[in-house]
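Here is the structure we will look at.
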Amino acid sequence: MEPPVVLDPRRWRALAFICLAQLMVVLDGTVVNIALPNAKADLNISDANQQWVITAYALAFGGLLLFGGRLADMWGRRRTLMVGLVGFAAASALGGAAVSQEMLFGARALQGAFGALLAPAVLSLLTVMFATPSERARAFGIFGAIAGGGAALGLILGGLLTQMLDWRWTMYINVPVAVVALLGVILEIKEPPKLGNQPIRLDVLGVVLAGSGLALIVYGFSRAAEEGWGDGGTIASLVAAVVLLAAFVGWQMRCRYPLLPLRVILDRARGGAYLSVGLSTIAMFGSFLFLTLYMQNVHHYSPLSAGFAFLPMVFGMLIGSTQIAARLITRVPPRFLIVPGALIGAVGMLFLSQISADSTRYWSVILPGLFLVGCGMGTVFMTTINLATFGVESRDAGVASAMVNTSQQVGGAVGTALLNTIAANAAASYITDHSGSIHGPADIPAMRMLAMVHGESVGFMIAAAILGLVAVVAGFLINLRKPIGAGQEAPSPEPARTVSE
């Protein structure tokens with residue numbers, strides 16, 4: 001008989017530093033976006049190369065997530081988190097001090113690599129430290145709000161730092177944050193007790209196949225957003241990604257110590273949770289992209305004003321995660337939260353599809369739309385992240401957590417490319433259909449503006465349809481008939497002796 005789970009008395013204080021580390025990683029996905037024009041001018045980055053400020057981070061982060069998750073299972077979550085914090089801070093300082101575009105690109109790649117250690121470690125710590133369903137609900141409610149709302153907060157912080165200080169502070173700001181988080185980890189977090197002795201070995205071939213395949217997916221979709229779907233490099237990247245990931249799955253079926261044990265993702269409810277996270281992120285990233293362009297290019301918001309305009313989404317995230325999902329997740333089956341949450345988000349996207357080139361319609365369209373999207377997605381993210389990591393064996397907690405982040409990263413890359421392409425095609429069709437309204441060169445700028453808004457409106461409608469698909473996926477795949485944890489507790493820590501090859 002297994003001994004009872006011993007709860008760490010410092011776990012709630014530890015949660016603050018776990019969430020601070022997670023917030024730093026999430027913020028960094030968007031905080032640099034608004035600072036990009038200033039960095040581009042300062043370092044003489046060409047138009048062709050500017051995408052690498054974003055892509056270098058995304059490639060390293062997405063490609064190394066599963067590796068980082070397995071290292072957390074092998075090394076221990078606390079140690080992995082500490083290494084990730086130190087490395088992320090050093091890479092951020094290097095990026096802030098960049099004197100050339102190559103130095104900045106390299107620093108961003110290092111940030112992504114150490115972020116791939118941080119992200120699975122913080123979520124797996126959360127998974128094994130909060131064992132009772134009621135505590136998990138509260139802890140994951142806070143974490144879900146940060147995971148979903150952090151990207152919007154990154155836009156605000158990026159605008160504030162760029163406008164008030166300098167673009168380099170979008171990098172430097174991570175250093176003091178990482179130091180505070182590191183001190184908190186040292187003082188307040190201890191590695192959860194380990195009970196088993198089953199070895200975990202590093203699947204080197206799996207790391208190469210999965211890392212290369214995921215990196216090529218992120219790169220392929222990022223390239224599609226810039227060069228189009230017919231580009232030879234885009235096609236080659238995506239085809240190679242499919243081949244490598246198919247080989248990875250085949251290898252995991254045969255490998256004695258797989259990087260990603262298929263038992264983690266073949267569970268019907270957990271697999272449905274991963275798919276729901278990925279699809280929701282596709283829709284979310286489209287809303288960030290379209291609204292940022294709409295407010296700054298069409299209605300000339302300053303970077304800081306555009307960032308603050310996203311605050312209703314952040315408030316919605318907090319309500320959805322901490323007041324709706326956290327209170328109900330121990331009372332109703334998870335799909336009874338995910339399905340309505342996705343549908344509320346879809347209604348919010350339909351609100352946003354009513355944007356106009358004539359006026360911002362902020363109070364009547366954007367504010368309620370963002371709040372509904374945030375409220376719905378907060379409910380979805382909190383519930384799916386909890387479900388995706390609940391009941392997993394302790395030895396797989398790191399890689400199960402990494403799959404959550406992988407779903408989000410791949411979803412972000414797909415969403416940016418897919419919805420941007422759809423919006424661009426809709427804008428082009430609008431110009432073709434209304435070409436008779438152009439009577440001279442003076443009419444062209446106005447027509448382009450109308451076409452851009454029309455394309456973004458269509459993009460919001462597609463995002464609403466994707467969230468509708470999330471509701472369908474959750475309704476069919478997530479078949480748990482009881483609330484998460486009803487009649488059971490999260491598994492006792494079943495740690496493993498680590499053996500590296």
Side-chain angles (χ1 to χ4, degrees), residues 27 29-31 33-37 145 148-164 280 283-321 323 341 343-380 415-416 419-420 422-424 426-427 430 445-467:
L27 285 175
T30 55
V31 71
N33 291 32
I34 289 180
L36 182 55
L153 285 174
L155 296 173
I156 298 172
L157 185 61
L160 181 64
L161 292 173
T162 302
Q163 196 162 310
M164 303 299 293
S280 298
M284 283 283 291
F285 266 67
S287 67
F288 288 148
L289 173 66
F290 294 146
L291 275 183
T292 301
L293 292 174
Y294 172 74
M295 288 186 285
Q296 293 193 65
N297 293 346
V298 178
H299 293 292
H300 309 294
Y301 279 39
S302 69
L304 184 57
S305 298
F308 274 107
F310 280 93
L311 277 179
M313 178 183 285
V314 178
F315 291 140
M317 284 278 183
L318 288 171
I319 292 173
S321 293
Q323 301 304 310
L343 293 177
I344 290 171
V347 172
M349 289 294 183
L350 291 177
F351 259 89
L352 295 176
S353 71
Q354 304 305 307
I355 56 174
S356 167
D358 300 327
S359 64
T360 60
R361 295 186 181 178
Y362 183 81
W363 299 103
S364 61
V365 171
I366 296 179
L367 187 149
L370 283 175
F371 179 79
L372 288 172
V373 169
C375 193
M377 292 299 93
T379 304
V380 169
T416 301
L419 295 179
N420 187 51
I422 290 172
Y430 183 91
M447 178 58 65
R448 287 178 177 171
M449 198 70 69
L450 290 170
M452 176 190 295
V453 173
H454 172 75
E456 291 167 351
S457 178
V458 171
F460 283 124
M461 291 180 186
I462 299 299
I466 293 171
L467 292 179

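Treat the numbers as computed from the prediction; the structure is a model and nothing was measured.
- For the atom pair C375 SG and L318 CG, the distance stands at 10.5 Å (nearest 0.5 Å).
- By the neighbour-count criterion of 12 heavy atoms within 6.0 Å, atom CZ of F315 is sparsely surrounded, having that number or fewer from other residues, nucleotides or ligands.
- Counting only heavy atoms from C-beta outward, the side chains of M377 and S280 approach each other to under 4.5 Å.
- Looking at heavy atoms from C-beta onward, I319 lies out of side-chain contact with T379 at the 4.5 angstrom threshold.
- Between the OG atom of S305 and the CZ atom of F310 there is a distance of 12.5 Å, given to the nearest 0.5 Å.
- Nearest heavy-atom pair across M349 and A463 is SD-CB, 3.8 Å.
- Residue V365 comes nearest to I355 through the heavy atom pair CG1-N, 4.2 Å, listed as atom of the first residue, atom of the second, then distance.
- In this structure, the side chain of S321 engages the main chain of M317 through a donor-acceptor pair within 3.5 Å.
- The ring-ring contact (aromatic ring centres under 6.0 Å, His included) search around F371 returns none, not counting sequence neighbours.
- With rounding to the nearest 0.5 angstrom, the OH atom of Y362 is 7.0 Å from the CE atom of M295.
- Annotation: side chain of V453 is in contact with side chain of Y294 (closest heavy-atom distance under 4.5 Å).
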Checklist line | Working for side-chain contact (heavy atoms from CB on, under 4.5 Å), residues I344 and V380 | finding: CA-CA 10 Å; I344 290 171; V380 169; over 6 Å; no
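- Interatomic distance, CG of L311 versus CE of M313, reported as 11.0 Å (0.5 Å rounding).
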Next item on the list: Could you walk me through whether Y301 and F308 pass side-chain contact (heavy atoms from CB on, under 4.5 Å), step by step?
Entry: CA-CA 10 Å; Y301 279 39; F308 274 107; over 6 Å; no
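- In plain terms, the two heavy atoms of H454 and A426 that are nearest each other are CD2-O, 3.5 Å.
- The nearest pair of heavy atoms linking L467 to G345 is CD1-C, 3.4 Å.
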Next item on the list: List the steps, then state whether side-chain contact (heavy atoms from CB on, under 4.5 Å) holds for R361 with F351.
Entry: CA-CA 11 Å; R361 295 186 181 178; F351 259 89; over 6 Å; no
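- Under the 4.5 Å side-chain criterion, counting only non-hydrogen atoms from C-beta, M447 is in contact with Y430.
- For L372 against G348, the heavy-atom pair with the smallest separation is CB-CA, 3.7 Å.
- Closest non-hydrogen pair, P368 versus W363, comes out as CD-O, 3.4 Å.
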Notebook entry, point to check: Taking it one step at a time, do L291 and L370 satisfy side-chain contact (heavy atoms from CB on, under 4.5 Å)?
Noted result: CA-CA 10 Å; L291 275 183; L370 283 175; 3.4 Å; yes
